[in-house]
Amino acid sequence: MCGIVGYTGYRDVVSVIFKGLTNLEYRGYDSAGMAIRDEGEIKIYKTLGKLINLKNELESKRSEIKNPTAGIGHIRWATHGSPSLVNAHPHTCSCGKLVVVHNGIIENYKELREKLIQKGCNFRSQTDTETIAHLVADEYSLCKNLELAVRNSVKKLQGAYAICVMHKDVPDLIIGARKHAPMLVGIGDGENFIASDTPAIIEFTKKTIYLDDNEIAVITKDNVKITDIEGNIVEKKVEILPWEPIALSKLGFKHFMLKEIYEQSDVIRNVLNGKLYDIDAPINLNEVKLDKEILKKLNKIEIIACGTSLHAALVGKYIIEDLAGISVEVEASSEYIYRKTTTDSSTLVIGVSQSGETADTITAIKQAKEKKAHVLIITNRPDSNMARLADSLIPVNAGIEVSVAATKSYTAQLISFYLLAIQLAEIKGNCDKSYLKNIKHELIQIPTKIEEILSNTSEIQECARKFSSFKNFIYIARGINLATALEGALKLKEISYINATGYAAGELKHGPIAMLDETMPVLSILIPGGITYEKILSNSEEAKARNAKLIALTSSDDKNIETIFDVVIKIPKVSEILSPTITCVPLQLLAYYIAEFLGKDVDQPRNLAKSVTVE
Ligand code: M6R
């Protein structure tokens with residue numbers, strides 16, 4: 001969370017930084033700010049709320065920026081100190097000569113702040129970041145060397161940080177440092193960049209150096225130097241970013257979320273491509289770096305993830321247990337890290353994350369590694385910190401996902417789990433071969449089924465219109481689609497702020513049924529052919545008897561459904577085991593259209609950020 005961009009070079013500094021911040025806005029949007037080096041001065045601009053406010057501020061003050069040569073910018077997702085102008089970054093030291101932007105949390109900032117106040121520093125904000133500004137300035141006053149001052153300062157910081165620092169007296173030099181928060185350097189010709197994530201620089205350069213923890217980058221327009229915390233030069237590999245700038249465009253869609261929902265069929269084809277072209281051949285995910293003999297004996301898997309990725313993990317559990325007969329535990333990373341787990345060297349631990357930067361999951365993965373488990377990471381960001389921790393890495397190849405609400409990365413995670421489960425089942429040899437073959441055959445058809453849903457969304461839009469005034473929803477399902485119910489409800493909560501809860505349909509009568517009346521619609525996911533179809537139907541009838549309005553999401557042709565349910569959203573025929581790959585799509589659309597009718601900020605919902613890099 002929070003986004004950082006630093007630039008020095010020949011282009012218009014303000015525009016480059018602003019563009020970078022625009023491409024990072026999904027990381028936070030409580031406030032934004034920029035510090036520009038211009039004709040020997042450091043000029044600071046900050047605004048509260050979204051980036052558009054900073055744009056207006058910069059436009060109104062444009063005439064005072066004459067010849068900018070370097071700058072640093074920030075968009076904030078508030079952790080310490082409320083979203084306010086005084087807490088917005090960049091922060092400065094008492095004399096205003098040193099500026100800093102920061103992503104992360106400094107855990108010992110209070111004691112550092114106390115010491116600095118005693119030394120006469122004048123604090124203005126409630127942020128932990130301001131402490132860094134005073135600390136580096138204090139060190140600089142002693143050594144008169146900005147690089148050394150940053151090195152000495154970060155040695156005193158506890159917690160997580162990615163920082164960029166500039167000083168009025170050190171022309172066109174930007175220093176970046178990181179620990180437990182992502183940071184990279186973009187290499188140009190006569191220009192260089194520092195950023196917290198690749199979208200910030202992709203429009204300008206694809207050449208990137210990823211900083212590791214405790215490394216410091218010193219950049220000028222013509223030079224990049226990376227050192228460790230002691231000042232020793234570190235030789236780093238220059239990597240070429242795989243993304244194209246076009247991925248950051250809405251391509252005519254009103255929102256990124258809608259565009260990303262529509263991309264799902266192609267994303268799935270992309271995931272399957274090269275992995276599943278001959279249904280008679282075994283699946284071979286060569287990304288899984290475990291010996292076949294070890295996989296054959298494997299009897300314990302733990303999957304750790306958060307939010308939407310946790311829901312993908314629940315589907316993963318269901319299919320791995322069903323197809324490969326391996327026992328799977330799924331746990332929220334934030335729970336896993338604060339208890340005594342039974343993880344050991346015979347456990348395969350799977351970490352699932354769209355961003356690869358989620359702090360809770362990173363901590364959980366580190367703990368699993370300490371216990372000598374083999375760690376497999378399923379992520380959409382093979383360039384992320386989590387990916388770097390992986391023993392085995394499955395990139396889901398969904399392309400950059402800009403909308404805060406995850407959609408295409410979820411379906412890509414699901415498909416990766418299907419491929420993994422089939423591979424494990426084939427290696428174990430304990431699943432009926434023709435059953436596996438049917439699943440493979442149907443997997444290939446999933447993109448077409450999704451396209452069928454996307455080609456006519458009028459039923460879903462109508463349903464959204466009808467139900468957009470309700471304040472509470474219940475989503476029910478049983479078995480493998482319980483994850484879909486949870487995910488559908490999460491999507492609705494995230495972008496429309498409507499209270500929606502997913503329940504195992506059988507649990508309704510054990511408590512939640514007490515809430516039901518005509519103000520609480522119940523959405524049921526019904527896939528015929530599955531063993532729980534009839535049961536969910538009766539659970540829905542129970543809800544109807546309590547006057548709840550009923551919505552069915554179903555592939556059933558049963559005429560009875562039309563009489564029981566108030567609204568029926570039809571989806572193509574699909575087997576129960578593969579149904580989560582398509583049942584999620586109408587629920588994403590339902591959440592989208594409800595939020596859209598309510599005029600909500602679909603791509604950047606309040607209080608959220610795309611990657612949650614704090615615990
Ligand atoms: O990047 P990750 O998959 O690790 O993120 C986990 C959650 O923060 C994320 O899925 C969140 O729930 C999304 N906003 C879902 O739309």
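Numbering of residues begins at 1 and proceeds along the displayed sequence.
- Between Ile453 and Ile582 the shortest heavy-atom distance is CD1-O, 3.8 Å.
- Around the NZ atom of Lys371, the shell of radius 6.0 Å holds more than 12 heavy atoms that belong to other residues, nucleotides or ligands.
- In this structure, Leu526 and Thr554 approach most closely via the heavy-atom pair O-OG1, 2.8 Å.
- For the pair Arg388 and Tyr210, the cation-pi test (distance below 6.0 Å, angle within 45°) is passed.
- A distance-only check finds a donor-acceptor pair linking the side chain of Glu459 to the backbone of Lys570 [under 3.5 Å].
- A side-chain donor-acceptor contact under 3.5 Å links Glu401 to the backbone of Lys408.
- Evaluated for a side-chain contact (heavy atoms from CB on, under 4.5 Å) with Glu287, the options Ile377, Ile394, Ile378, Leu393 yield exactly one hit, Ile394.
- Side-chain contact annotation: Ser403 with Asp603, donor-acceptor N/O pair under 3.5 Å present.
- Using modelled atom types, one side-chain atom of Lys449 and one backbone atom of Lys573 make a donor-acceptor pair closer than 3.5 Å.
- Side-chain atoms of Asn539 and Tyr503 form no donor-acceptor pair, as typed in the model, at a separation below 3.5 Å.
- The pair Arg546-Glu518 does not meet the salt-bridge criterion, since no charged nitrogen lies less than 4.0 angstrom from a carboxylate oxygen.
- Side-chain N or O atoms of Asn547 include none that pairs as donor or acceptor with a backbone N or O of Asp517 at under 3.5 Å.
- A salt bridge links Arg381 with Asp197; the closest basic N to acidic carboxylate O contact falls under 4.0 Å.
- Formation of a donor-acceptor pair under 3.5 Å by the Ser327 side chain with backbone atoms of Lys300 is not found in this model.
- Taking the centre of each ring, Tyr410 and His311 stay at or above the 6.0 Å mark.
- Each of Ile480, Thr411, Ile525, Val574 was compared with Pro580 under the side-chain contact (heavy atoms from CB on, under 4.5 Å) criterion, and only Ile480 meets it.
- The two residues Ala548 and Asp566 make their nearest non-hydrogen contact at O-OD2, 4.4 Å.
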